[in-house]
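We name chains A, B, ... by the order of the sequence lines, and we start the count at 1 in each one. Given the structure is predicted, the values throughout are model-derived calculations rather than measurements.
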There are 2 protein chains.
Amino acid sequence: MPDLTIPRAESAYSYPLLIKNLLDAPVVSNPDQEIVYRDRMRYSYRTFRERVCRLANALEKLRVKPGDTVAVMDYDSHRYLECFYAVPMLGAVLHTVNVKLSPEQILYTIDHAEDDILLVHADFLPLLAQIRGRIDTVRAMVLLQDEPVSPPEGLEFAGEYEALLAEADRHYEFRDFDENIRATTFYTTGTTGLPKGVYFSQRQLVLHTLGTMAALASAPSQGRFHTGDVYMPITPMFHVHAWGVPYIATSLGVKQVYPGRYAPDVLLDLIEKEGVTFSHCVPTILHMLLNHPDIEKRDLSRWKVLIGGSALPKALCARALELGIDLYSGYGMSETCPVLTLAQVPEAELGSDNELEIRCKTGRPLPLVDLRIVDEQMRDVPADGESVGEIVVRAPWLTQGYLKDQRNSEQLWRGGYLHTGDVACRDAKGYVKITDRIKDVIKIGGEWISSLELEDLLIQHPAVAEVAVIGDPDPKWGERPLALVVPQGELDEKALVTHLKGFIDRGLMSKQALLLKVKLVEQIDKTSVGKINKRLLREKHAGRV
Amino acid sequence: MPDLTIPRAESAYSYPLLIKNLLDAPVVSNPDQEIVYRDRMRYSYRTFRERVCRLANALEKLRVKPGDTVAVMDYDSHRYLECFYAVPMLGAVLHTVNVKLSPEQILYTIDHAEDDILLVHADFLPLLAQIRGRIDTVRAMVLLQDEPVSPPEGLEFAGEYEALLAEADRHYEFRDFDENIRATTFYTTGTTGLPKGVYFSQRQLVLHTLGTMAALASAPSQGRFHTGDVYMPITPMFHVHAWGVPYIATSLGVKQVYPGRYAPDVLLDLIEKEGVTFSHCVPTILHMLLNHPDIEKRDLSRWKVLIGGSALPKALCARALELGIDLYSGYGMSETCPVLTLAQVPEAELGSDNELEIRCKTGRPLPLVDLRIVDEQMRDVPADGESVGEIVVRAPWLTQGYLKDQRNSEQLWRGGYLHTGDVACRDAKGYVKITDRIKDVIKIGGEWISSLELEDLLIQHPAVAEVAVIGDPDPKWGERPLALVVPQGELDEKALVTHLKGFIDRGLMSKQALLLKVKLVEQIDKTSVGKINKRLLREKHAGRV
């Protein structure tokens, strides 16, 4: 085929999608807009750009060059936001260290990402002290602090963040790079194996910013994020760039509030005092805030909250709505930069019986997101609100693999679509609803049955104290459901199948559930955080009944 | 420098920014949403996608292949929207023929663009008849009609649009292309020379769609375009894709109304009957609508209108506001895809004394738009609301040259920025205000003086019947203002300079204006549309006084 690409005048500027280009328009249009860090710091966008330049100069003094990796261990702060820009703008890679991991796992991620420079908040020094002497790649550390601290013995710092910025020049001419260079890296953990590194190019971050901004802003009224809002993240900035929203907030030119370490009192105070109108968090954090003893005294009526990370429980959503909070769901994962869908409520459904349910759905795909729900042969399942399949996606902002892990990269992308491992259905209006993780689905013939739904039904039998359902390999059906039951009183398989039949007869469960096998056990194995350990249960019981 | 681009799993999908990818999400989320063509046609997004597939198959039957050019001569219609998608989705180039040009100019653009296929509305057949036999490149024509017509003798058609679609298959698997292939071409005319072809890649159109959608949607309230709106263009679809808004409207999944040929009655009826809430047009069209005898009887209180193409006069804006229309300005040109800025009113300014003025400004740059106002040495002028310079820009969606015209391409892009030829100032809040075309500016030493402002002041002298001001080359000053004056009664240079001094003393004009030279003339040369012909005046008078 002949070359059909557009001709370019020799002088024409071929515009690359770079992080630096997100910074021009908002600073020009809103130079006096505020960025706030708790009760410690407050400055303008004009100053923000200046500090980004200072940070770039300070990092260059530490010999940071394109392709180097700069790691950050901090709470949500103005400093972190400065790193979001300055590090990629130097052509370097920002490793947002997952500080929730164990010290040994953190050591693993620092080594695996080959971090060159480490910026670390004073609170994490004790953690760092546990792994000192074993960090191989880091050649300089920078101390981040809110008040003066003395580092523990054996930890050497090239300097303190504010001091390094103060002595750095406030001008920097950022150069152009290929838009496909790596900008960020973050490590995600599953229930098994070592942390896996996802990574995003500058182009991907710019496109995620534009696409998600357009989707968040373009709702008719409910749940929209616009230039008049005040933003505060309550998802850690290390976690896929706080879902990318700091880049969006900066591009919108809104007032931004960074809360440091999450403490319910501080968060609630900031929401009221700074007039925060838009946040995002996981259900657990919201639950914690809503259980604060003072909650009824707070005015949260202007607060919009995007929920992600796990399904939004209806009860939590209803409680938030009672308090005047405008709550709704979004969906994504570390591998997807992360946003894929939003569950904004259409104008016509506001106040309807469906409203609560829509807010708790997974949502509808963003522009440019090609989200399919497919069976095992990658055929689309019908959008009938019932048929389930795995969510697979294409979008311009998906990790193109796991860092230095070819096997898992190819597994993630098998068939040219990113496999989310989430099982969902889609209704006629395009709303997706996740029902299971694919590992929790029992595949009986061509049918998929939810192990979670089966557990919900079985626990309702009076003689069942605890239950976990896994798939048991079967030569005829592929899999049959195997219920591991801790009984209370007398119980046999037949009684449970009869119990299930009642639900099947009422159309609440697929009739394949009658293939249920039951094994009585003394206890159900749990993980360290108290979740049922399906992996271990499968190892112990599957194929052995 | 080592290769720092992100690694990609072999199976990973490297997502290109293609027009086809704008179509997935809205059709999935809003399959039943409507697209309306006058009172003639009404169908769903589901049907729209099907018709795009049919059109692609029909064009392939006419042997359209990637790189071919498909030209369209039509009013604003569902057919045009189908071409906006199907033609680039085949890898072909859509030439949106500027039907306002003369038949000879149209012939020139068809030849210059090397059109292969021409889709033409029945109303333009008489025009086509004038140039038949002289069109060299077109190998097949398709007839577009609203009711059955008989083409004039000597014009052969491969078929009628609806008939071709009806017999085409409704499935088409669109393949991937390089995102930098050319998608569209349009010819723009200046006051001099032949029409010049601008062109845009698929990537550029996708990025313009995302960036402009984000900017239009993210205003707090005034002037926003969102998923609950109903859209109708009143800028021709041939004119830089109706400012790109049909792509945005489709991506938002909103109801769309295409009005065919612009007739005030039809437009006003459609606004009311179809509930149109968002449009865009040039001031002249709005003026025509507001002068409709029935205007007071119409309910336009839900109508938002983006004005572009030329400055929005305050009186027109005030009149529109009286009628309840939410009016504001945007800025761009054919070379810029086109949108660069929007003059949405911030929440705090609504209802203030500044509101009207802000709505009539040029606006603030969109995300990713690097808009500078520079002097002749490409140095930024201060953002003080007074200092003027030329607007030069970088953005991801600017034409990379003029088609097959290297000299003008390099001139457009000299110094790596696209030169708009517009002279403007910027205030501290980032609002740009265009004051002149650069050709209308007199450059006296380092100062730029507006010839239009000088003309405004001079015409106020009772002995001046008509006046035009041009720059006269001067060895000391670079240029001095030369006023060509048609006198009424007695008049000399001194009287006019004294007249100007009055304004200078009151701070209304820069004192360089005192360098004014005056030449009395019998008449001022005009162009065919009645504008002062500055080019001719410069040729005749500059350097000859």
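Of the atoms belonging to D24(B), it is side-chain heavy atoms, and not backbone ones, that fall under 4.5 Å from chain A. For P396(B), the parts lying under 4.5 angstrom from a heavy atom of chain A are both the backbone and the side chain. For a residue to count as touching a neighbouring chain, one of its non-hydrogen atoms must lie under 4.5 Å from one of that chain's; by this rule L17(B) touches chain A with backbone and side chain alike. Heavy-atom distances place no part of T209(B) under 4.5 Å from chain A, backbone and side chain included. Proximity to chain A is limited to the side chain of E179(B), based on heavy atoms less than 4.5 angstrom apart. For chain A, the nearby part of P16(B) is the backbone; its heavy atoms alone come within less than 4.5 Å. Both the backbone and the side chain of I6(B) come within contact range of chain A, judged by heavy atoms closer than 4.5 Å. Of the two parts of A428(B), only the backbone, made up of N, CA, C and O, holds a non-hydrogen atom closer than 4.5 Å to a non-hydrogen atom of chain A. No part of Y431(B) comes within reach of chain A, as not one of its non-hydrogen atoms sits under 4.5 angstrom from that chain. Contacts between V93(B) and chain A at a heavy-atom distance below 4.5 Å are absent for every atom of the residue. For Q344(A), no part lies near chain B; criterion is any non-hydrogen pair under 4.5 Å.
A donor-acceptor pair is defined here as one N or O able to donate and one able to accept, closer than 3.5 Å; no such pair exists between the side chain of R364(B) and the backbone of A25(A). The closest donor-acceptor contact from the side chain of E410(A) to the backbone of A9(B) lies at 3.5 Å or more, if one exists at all. At distances below 3.5 Å, not a single donor-acceptor pair connects side-chain atoms of Y417(A) with backbone N or O atoms of Y13(B). Distance alone, capped at 3.5 Å, is enough to place a donor-acceptor pair between the T227(A) side chain and the S218(B) backbone. Side chain of R224(A) to backbone of A217(B): a donor-acceptor contact under 3.5 angstrom is found.
Atom CD of Q406(A) is surrounded by 12 or fewer heavy atoms from other residues, nucleotides or ligands within 6.0 Å.
Residues M213(A) and P367(B) share a closest heavy-atom pair of CE-CG, 4.2 Å.
Interface summary for chain B: among I181(A), D3(A), L23(A), V28(A), the most heavy-atom pairs under 4.5 angstrom belong to I181(A).
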